[in-house]
Amino acid sequence: MALTFPKPSKLISFSLLLLINLALNPWEGSGEQQNLVFFLQDVSIGPNATVAPVAGVKGKEWSYNTFGTIYAVDDLVTAGPNRNSAPVGRAQGLLATGALDGSNVNIFLSIVFTNLQYNGSTLQIQGVSRQSENYREVSVVSGTGRFRFARGYAALETYYYDPNTTYSIVRLSITLLNSSDGH
Ligand SMILES: *[C@@H]1O[C@H](CO)[C@@H](O)[C@H](O)[C@H]1NC(C)=O
Ligand SMILES: *[C@@H]1O[C@H](CO)[C@@H](O)[C@H](O)[C@H]1NC(C)=O
Ligand SMILES: *[C@@H]1O[C@H](CO)[C@@H](O)[C@H](O)[C@H]1NC(C)=O
Ligand SMILES: *[C@@H]1O[C@H](CO)[C@@H](O)[C@H](O)[C@H]1NC(C)=O
């Protein structure tokens with residue numbers, strides 16, 4: 001990650017810096033970006049729930065608005081917004097209400113691809129989701145397989161929400177720095 005790189009000495013020439021940077025950051029070379037859009041099919045309650053509270057503060061209600069509540073997630077990921085559109089993989093991991101006032105949830109998710117194009121590869125998504133906002137931006141911190149060394153960000157937006165069944169469709173738009181070696 002860029003933040004952890006040691007500060008380069010000012011004596012090193014710009015072109016040398018560029019070379020070092022390219023060697024450390026193969027994704028930075030082209031400077032181009034690629035965008036992938038998927039949809040998460042999220043069910044909170046009922047026999048087919050894909051999200052379950054697994055831990056929380058003793059004596060308090062376990063909910064998205066209660067600090068300390070942790071959820072396990074395994075959402076279906078589809079190519080289009082419709083639940084029956086082509087499956088792409090699963091979004092598996094944890095959500096944790098990380099704000100004392102319950103306003104923010106921390107996201108720790110792996111997109112586990114099973115579609116033909118990215119089968120066996122994963123993307124790791126992490127960050128704070130401000131629950132009151134419809135546009136929530138988190139980091140793409142890395143990946144595996146075709147997404148090794150991936151860097152970028154992911155926007156989560158509620159596409160559809162049915163409060164009766166707590167079924168929601170979340171649009172996931174992933175922007176990655178394009179690999180310079182053609183990945
Ligand atoms: C749960 O999933 C099964 C299998 O897909 C389906 O038949 C059933 O109707 C679903 N139940 C609910 C409450 O959505
Ligand atoms: C994905 O890979 C697994 C394991 O190699 C294989 O069983 C499966 O058929 C593959 N799926 C697709 C869509 O290629
Ligand atoms: C939710 O339930 C109410 C009352 O039963 C109903 O009027 C409404 O249409 C339902 N909403 C959806 C999106 O199904
Ligand atoms: C990313 O790189 C690939 C391979 O070089 C190329 O085909 C694709 O068009 C690039 N995408 C963008 C958005 O630049």
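When a ligand or atom number is given, it counts from 1 through the structure's own listing order.
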K.L.:
Is it the case that more than 12 heavy atoms not belonging to Tyr135 sit under 6.0 Å from its OH atom?
P.N.:
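More than 12 heavy atoms, drawn from other residues, nucleotides or ligands, come within 6.0 Å of this atom.
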K.L.:
Can we call the ring centroids of Phe38 and Phe113 under 6.0 Å apart?
P.N.:
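So the answer is yes for these two rings.
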K.L.:
Do Tyr167 and Gln41 have side chains that get closer than 4.5 Å, going by heavy atoms?
P.N.:
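When only atoms from C-beta onward are counted, Gln41 and Tyr167 do touch, with a gap below 4.5 Å.
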K.L.:
Regarding Thr50 and Asp74, is there a side-chain donor-to-acceptor distance under 3.5 Å anywhere?
P.N.:
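Absent: no donor and acceptor within the cut-off.
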K.L.:
Testing the 3.5 Å rule here: is there a donor-acceptor pair between the side chains of Thr114 and Asn119?
P.N.:
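Asn119 and Thr114 do not have a side-chain donor-acceptor pair below 3.5 Å.
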K.L.:
I'd like the residue list for ligand 2, meaning every protein residue with a non-hydrogen atom under 4.0 Å from the ligand.
P.N.:
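Around ligand 2, where the cutoff is 4.0 Å for heavy atoms, the contacting residues are Thr114, Leu116, Asn119.
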K.L.:
What about Trp62 and Val105, same hydrophobic cluster or not, with Ile/Leu/Val/Met/Phe/Trp/Tyr joined at side-chain heavy-atom distances under 4.5 Å?
P.N.:
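As far as the 4.5 Å side-chain criterion goes, Val105 and Trp62 are not connected within one cluster.
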